Amino acid sequence: MSHDTSRWTAVCAVDDILSNTGVCARVEGRHVAVFRVGDSQFYAIDNVDPKSQASVLARGLIGSLGERVVVASPLFKHHFDLRNGECLESPAHSVRAHAVRVENQRVLVALA
């Protein structure tokens, strides 16, 4: 999966995302869930749950399944790998993962 990193969008300040939570941002018209894991790891995936079509993944619970850092959808409890967007229970329901970086205490996202 390639990211168009020439199109970075600032979505919020680092301190706007509490550790082990997510926020929703609108990037180029797309709903994106941005997560902070621990103090310094940031991930971004599509925010729309593919099964329900509701924009809710940013409100899911962050955890780990084996070596994978995941978020559990608040609706159907499917787990999405934060690194690549794969839905562990049903790969057909996977979402896009997006590039994230921190610059000057701002979180930036580049869509996949």
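All values derive from a computational prediction rather than experimental measurement. All residue numbers refer to positions in the sequence shown, counting from 1.
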Do [X] side-chain atoms and [Y] backbone N/O form a donor-acceptor pair below 3.5 Å?
X: Asp81; Y: Arg83; answer: yes
X: Asp46; Y: Val32; answer: no
X: Arg36; Y: Ile17; answer: yes

Search all heavy atoms of [X] against all heavy atoms of [Y] and return the closest pair with its distance.
X: Ala97; Y: Gly85; answer: CB-N, 3.9 Å
X: His98; Y: Ala110; answer: CB-O, 3.4 Å
X: Cys24; Y: Ser55; answer: SG-OG, 4.2 Å
X: Asn47; Y: Ala33; answer: OD1-CB, 3.3 Å
X: Gly38; Y: Ser19; answer: O-OG, 2.8 Å

Contact check, side chains of [X] and [Y], non-hydrogen atoms, under 4.5 Å:
X: Val48; Y: Leu57; answer: no
X: Asp49; Y: Val95; answer: no
X: Phe42; Y: Val14; answer: yes
X: Val107; Y: Val34; answer: yes
X: Pro50; Y: Cys87; answer: no
X: Leu65; Y: His79; answer: yes
X: Val100; Y: Leu108; answer: no

query = Going hydrophobic residue to hydrophobic residue with side-chain gaps under 4.5 angstrom, can you get from Phe80 over to Phe35?
reply =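 Yes, same cluster.
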Co-membership, hydrophobic cluster, residues Val109 and Val23, 4.5 Å side-chain: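 Yes, one cluster joins them.
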TODO: Please round to the nearest 0.5 Å and tell me the distance separating atom CZ of Phe76 and atom NE2 of His93.
DONE: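 It is 9.0 Å, given to the nearest 0.5 Å.
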- Task: Kindly compute the distance separating CZ (Arg96) from CG (Leu111), expressed to the nearest 0.5 Å.
- Result: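 Rounded to the nearest 0.5 Å, the CZ-CG separation comes out at 8.0 Å.
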**Message:** Looking at Glu67, I'd like to know if its CD atom is crowded, meaning that more than 12 non-hydrogen atoms belonging to other residues, nucleotides or ligands lie closer than 6.0 Å.
**Reply:**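 Counting other residues, nucleotides and ligands, CD of Glu67 stays at 12 neighbours or fewer.
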Next item on the list: For His78 and Ser73, test the side chains for any donor-to-acceptor distance below 3.5 angstrom and give the result as yes or no.
Entry: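 No - no donor-acceptor pair under 3.5 Å links their side chains.
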In sequence, state the C-alpha distance, the side-chain angles, and the governing distance for Leu75 and Val56, and then conclude on side chain to side chain contact (heavy atoms under 4.5 Å, CB included). CA-CA 8 Å; Leu75 297 177; Val56 297; 3.8 Å; yes
Can we say Glu89 and Lys77 salt-bridge, meaning some charged N sits less than 4.0 Å from an Asp/Glu carboxylate O?
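No, this pair does not count.
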key: salt_bridge(Arg30, Glu28) N-O dist < 4.0 Å   =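 No, no charged N to carboxylate O under 4.0 Å.
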Evaluate side chain to side chain contact (heavy atoms under 4.5 Å, CB included) for Val37 paired with Leu82, printing each intermediate quantity in order.
CA-CA 10 Å; Val37 178; Leu82 293 181; 4.1 Å; yes
